[in-house]
S.K.: 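Sharing a structure here in structure tokens format.
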Amino acid sequence: MCGITGWVSFETDLTQRREVLDAMTGTMACRGPDDSGTWLAPHAALGHRRLAIIDLPGGRQPMSVTTPAGEVAMVYSGEAYNFTELRRELEGKGHTFRTDSDTEVVLHGYLEWGESVADHLNGMYAFAIWDARDEKLVMIRDRMGIKPFYYYPTRDGVLFGSEPKAILANPAAKRIVDADGLRELFSFTKQPGWSLWSGMSEVEPGTIVRVDRDGAHTRTYWKLEAREHTDDQETTVARVRELMTDIVHRQLVADVPRCVLLSGGLDSSAITGLAAARLREEGEQLRTFSVDFVGQEENFKPDEMRDTPDSPFIRDVAKLVGSAHQDVVLDPAALTDPAVRRAVLTARDIPAGLGDMDTSLYLLFKAIRAESTVALSGESADEVFGGYRWFHDDTARNAGTFPWLAFRTGVQDGGNLLRPDVSRKLDLDGYIADQYRTALAQVEHLDGVSADERRMREVCHLHLTRMVRALLDRKDRASMAVGLEVRVPFCDHRLVEYVYNTPWSLKTFDGREKSLLRHATKHVLPQSVVDRVKSPYPSTQDPGYAAALQQQAKEVLATPGDPVFELASREWVTDAVSQAPATMTSLTRHGLDRLLDLHHWFDIYRPELRV
């Protein structure tokens, strides 16, 4: 797990621009605290920061191979979980290896199969290969978009990086944010390829981007396809159990300490149970970590998203599997610390406005990193198995828009926080409607299915190609900011493909959410978790958090000429800071979090707005 960056210029001698490459590489020191490396050729420059996970001494990058027709060099971020099998296959084809790293296997895979190496990989990855034989750059991203990857075309080539900040460190990249960038920022539709920064794009999941003297060329090597599901209920549950067991076993492979993120929900508990059983066979005790808030369990009040606190269920799981468990308990002072907010913003590059759900995740990962280098997470199970409450809410799923935006209060705050003139220019409702139509047009359907099955395929597709990508990016940025590798077993493409094509009636065969996952993993779960209703990532209920937001927002209001008010409404903020913290709505609190994110983001990045 690492950070990669690079620069291709067909009209510049990049061997004379090392200082720029060093600056780009240096922005990702947190992603790779263990090592740094660069590689320069006349028209290509590659930079790498390494977090050592497998073959600690042998996996240094950039890594290159000299061929009779020219050098082939690569920078790679991620893990190929099937690298052992691929290594044996490549050895059978005559390849020899100097190291035990998966990086070298991927590089030799490219030498053997070219761009089709992507079809052979199981894992999470973003890598770039400069192939001097044809003077081309090949950029490849994993199927689900677990690892981030951005690029910025220039007049005579391209800049790329794991994160926008690496690209922005190059003088050729302009820090411009236009109306299109802001529309997505305030809408949460996760437009494919979107970047907040004008001129910059994501390498989309399951996509290969090739850059040569003729420009950039894009090819999709994987996407969700509609296929007939012929397995019965018992066979389907057995297949999910088989896949989950294999995936967790593969993703436990590491040469560094490992752990599991445990929330007490079905998803993380299933991973915990499977991982604990595997490590027990190896004579090792599993470590688990969770996040909690001071007084949360004692003072918990059910709300529209959460019926129960997490702590009792976490204790049940830890007791059953015998894990060495640690709670990371946070108070409002830690959650609202401006230095922590700035660290999160620097990690994410965008003012997402998720407040304590972002800062608590960052602080959780930071605490885990003191003990472990690799963590397994239950992220993405809700998108794969249909776990969110709006999957099961007729109004939300048939609302004619993204279900997560239609569910009760939704997640938007743009119409509230934004200045009225800015809101009119952005036309968020029109943007969301356009994105929704575009997203639906990508869904393949089978003939002869019911209207309900057809609609639920659409809902599942929206989550697996839109929402999950935003959450995976959040997870990656927060974890890599502290040098922690978080693996996501539920994003294994074999599982995703299989469950996606399972009819909705099978996904809910017991009348509940995530029926397949529950029955496939109940052998490693306490009954309390088997019976538990879906509960999302925790958020503090302490009114002290809202009070701290209000105090910091008052300071922003008192700052003359704060650029945040190029977007935000002073009137809205003035009203928000006058409310009683204990009765503040979730949307108002979210708006204040967004305001404070914007305030710090302007100070950190100094963007040029073009609205």
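Just so you know, these numbers come straight off a predicted model, no measurement behind them. Sequence positions, counted from 1, serve as the residue numbers for this chain.
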S.K.: Determine the minimum heavy-atom distance between M28 and S162, stating which atoms define it.
M.R.: SD-CB, 3.8 Å
S.K.: Does some side-chain heavy atom of I368 sit less than 4.5 Å from a side-chain heavy atom of C259?
M.R.: yes
S.K.: Main chain of V468, side chain of K190: is a donor-acceptor contact present, judged purely on distance under 3.5 Å?
M.R.: no
S.K.: Start with the C-alpha gap between R397 and D393, add the side-chain angles, then the distance that decides, and say whether salt bridge (charged side-chain N to carboxylate O under 4.0 Å, His left out) holds.
M.R.: CA-CA 6 Å; R397 65 185 184 180; D393 184 288; over 6 Å; no
S.K.: Is the distance between the ring centroids of F402 and H463 under 6.0 Å?
M.R.: no
S.K.: Between M244 and L495, which heavy-atom pair has the shortest distance, and what is it?
M.R.: SD-CD2, 3.6 Å
S.K.: Checking R87 against D100 for the side-chain contact (heavy atoms from CB on, under 4.5 Å) test, could you report, in this order, the C-alpha distance in whole Å, the side-chain angles of both residues, the deciding distance, and whether it holds?
M.R.: CA-CA 9 Å; R87 180 187 176 111; D100 294 322; 3.9 Å; yes
S.K.: In terms of side-chain heavy atoms, does T189 have a donor or acceptor partner in E184 at a distance below 3.5 Å?
M.R.: yes
S.K.: State, yes or no, whether a side-chain contact exists between F83 and L90 at a heavy-atom distance under 4.5 Å.
M.R.: no
S.K.: Once you measure the plane-to-plane angle for H493 and W222, does it fall in the parallel (<30°), tilted (30-60°) or perpendicular (>60°) bin?
M.R.: perpendicular
S.K.: Between S539 and D356, is there a side-chain donor-acceptor contact under 3.5 Å, judged purely by atom types and distance?
M.R.: yes
S.K.: Is there a donor-acceptor pair under 3.5 Å between the side chain of T207 and the backbone N or O of P205?
M.R.: yes
S.K.: Does the side chain of Y125 pick up a donor-acceptor pair with the side chain of D102 at under 3.5 Å?
M.R.: no
S.K.: Tell me whether R474 forms a cation-pi arrangement with Y537, defined as NZ or CZ under 6.0 Å from the six-membered ring centre and within 45 degrees of its axis.
M.R.: yes
S.K.: Please check if the number of heavy atoms outside K366 that lie under 6.0 Å from its NZ is greater than 12.
M.R.: no
S.K.: Going through the checks in order, is the side-chain contact (heavy atoms from CB on, under 4.5 Å) test met by L516 and Y498?
M.R.: CA-CA 11 Å; L516 293 175; Y498 185 76; over 6 Å; no
S.K.: Less than 4.0 Å between a side-chain N and a carboxylate O, is that true for E485 and R487?
M.R.: yes
S.K.: Testing T521, I271, V530 one by one against L266 for a side chain to side chain contact (heavy atoms under 4.5 Å, CB included), which residue passes?
M.R.: T521
S.K.: How far apart are the C-alpha atoms of R227 and E497, what are their side-chain angles, what is the distance that settles it, and do they pass the side-chain contact (heavy atoms from CB on, under 4.5 Å) test?
M.R.: CA-CA 9 Å; R227 302 169 186 166; E497 290 172 345; 3.9 Å; yes
S.K.: Mark yes or no for whether S77, through its side chain, and I4, through its backbone, hold a donor-acceptor pair below 3.5 Å.
M.R.: no
S.K.: In this structure, are over 12 heavy atoms from other groups packed under 6.0 Å from E228 atom CD?
M.R.: no
S.K.: Test side-chain contact (heavy atoms from CB on, under 4.5 Å) on K223 and E444; report intermediate values, then the result.
M.R.: CA-CA 10 Å; K223 66 176 182 177; E444 296 180 2; 3.6 Å; yes
S.K.: Just wondering, do R466 and Q435 contact through their side chains at under 4.5 Å, heavy atoms?
M.R.: yes
S.K.: Can you label the angle between the F391 ring and the Y388 ring as parallel, tilted or perpendicular, going by 30° and 60°?
M.R.: parallel
S.K.: Are R455 and V459 side-chain neighbours, meaning at least one heavy-atom pair lies under 4.5 Å?
M.R.: yes
S.K.: Look at R88 together with E91 and state whether they make a salt bridge at an N to O cut-off of under 4.0 Å.
M.R.: no
S.K.: Output yes when a side-chain donor or acceptor of N122 lies under 3.5 Å from a complementary backbone atom of N82, and no otherwise.
M.R.: no
S.K.: Check step by step if salt bridge (charged side-chain N to carboxylate O under 4.0 Å, His left out) holds for D246 and R494.
M.R.: CA-CA 11 Å; D246 177 69; R494 299 170 298 161; 2.9 Å; yes
S.K.: Could you go through the side-chain hydrogen bond (donor to acceptor under 3.5 Å, both in side chains) check for E115 and Y221 one step at a time?
M.R.: CA-CA 9 Å; E115 295 175 8; Y221 71 89; over 6 Å; no
S.K.: Looking only at the side chains, is there a donor atom on one of Q61 and T103 sitting less than 3.5 Å from an acceptor on the other?
M.R.: yes
S.K.: Here's one to test your reading of the geometry: is the NZ or CZ of R532 within 45 degrees of the ring axis of F313 and under 6.0 Å from its centre?
M.R.: yes
S.K.: Does the pair D358/R477 count as a salt bridge with the N-to-O cut at 4.0 Å?
M.R.: no
S.K.: Hey, is CD on E234 packed in by over 12 heavy atoms from elsewhere, all under 6.0 Å?
M.R.: no
S.K.: Does the side chain of D131 come under 3.5 Å of the side chain of Y110 through a donor N or O and an acceptor N or O?
M.R.: yes
S.K.: Run R469 and E202 through salt bridge (charged side-chain N to carboxylate O under 4.0 Å, His left out) and show every step you take.
M.R.: CA-CA 11 Å; R469 296 178 182 178; E202 281 189 308; over 6 Å; no
S.K.: Might you work through the salt bridge (charged side-chain N to carboxylate O under 4.0 Å, His left out) test for K147 and D142, ending with a clear yes or no?
M.R.: CA-CA 7 Å; K147 300 310 300 176; D142 66 67; over 6 Å; no
S.K.: Looking only at non-hydrogen atoms, find the nearest pair between P403 and L462 and report the distance.
M.R.: CD-CD1, 3.9 Å
S.K.: Mind listing the closest non-hydrogen atom pair of T359 and V344 along with its distance?
M.R.: CA-CG2, 4.1 Å
S.K.: Are the side chains of S268 and L261 in touch, meaning some heavy atoms are under 4.5 Å apart?
M.R.: no
S.K.: Drop me the distance from D473's CG to I350's CD1, to the nearest 0.5 angstrom.
M.R.: 6.5 Å
S.K.: Given side chains that start at C-beta, do those of H445 and E458 come closer than 4.5 Å, heavy atoms only?
M.R.: yes
S.K.: In the structure I gave you, are the side-chain heavy atoms of V253 and E79 within less than 4.5 Å of one another anywhere?
M.R.: no
S.K.: Mark yes or no for whether E453, through its side chain, and W504, through its backbone, hold a donor-acceptor pair below 3.5 Å.
M.R.: yes
S.K.: Is any side-chain N of the basic residue among D231 and R239 closer than 4.0 Å to the acidic one's carboxylate O?
M.R.: no
S.K.: What's the shortest heavy-atom distance between G3 and R31, and which atoms?
M.R.: CA-NE, 3.8 Å
S.K.: What's the separation between atom CZ in R287 and atom CZ in R258, rounded to the nearest 0.5 Å?
M.R.: 12.5 Å
S.K.: We want to know whether E513 and H392 form a side-chain donor-acceptor pair, criterion being a heavy-atom distance below 3.5 angstrom.
M.R.: no
S.K.: Please report the closest heavy-atom contact between S290 and H325, naming both atoms and the distance.
M.R.: OG-NE2, 3.1 Å
S.K.: Below 4.5 Å, heavy atoms only, C-beta onward: do L471 and E383 meet side chain to side chain?
M.R.: yes
S.K.: I would like to know whether D310 and S263 meet side-chain hydrogen bond (donor to acceptor under 3.5 Å, both in side chains); could you show each step before the answer?
M.R.: CA-CA 6 Å; D310 289 340; S263 72; 5.3 Å; no
S.K.: Keeping the roles fixed (side chain from S479, backbone from D476), state whether a donor-acceptor pair exists under 3.5 Å.
M.R.: yes
S.K.: Between the main-chain N or O of F188 and the side-chain N or O of W404, is there a donor-acceptor pair closer than 3.5 Å?
M.R.: yes
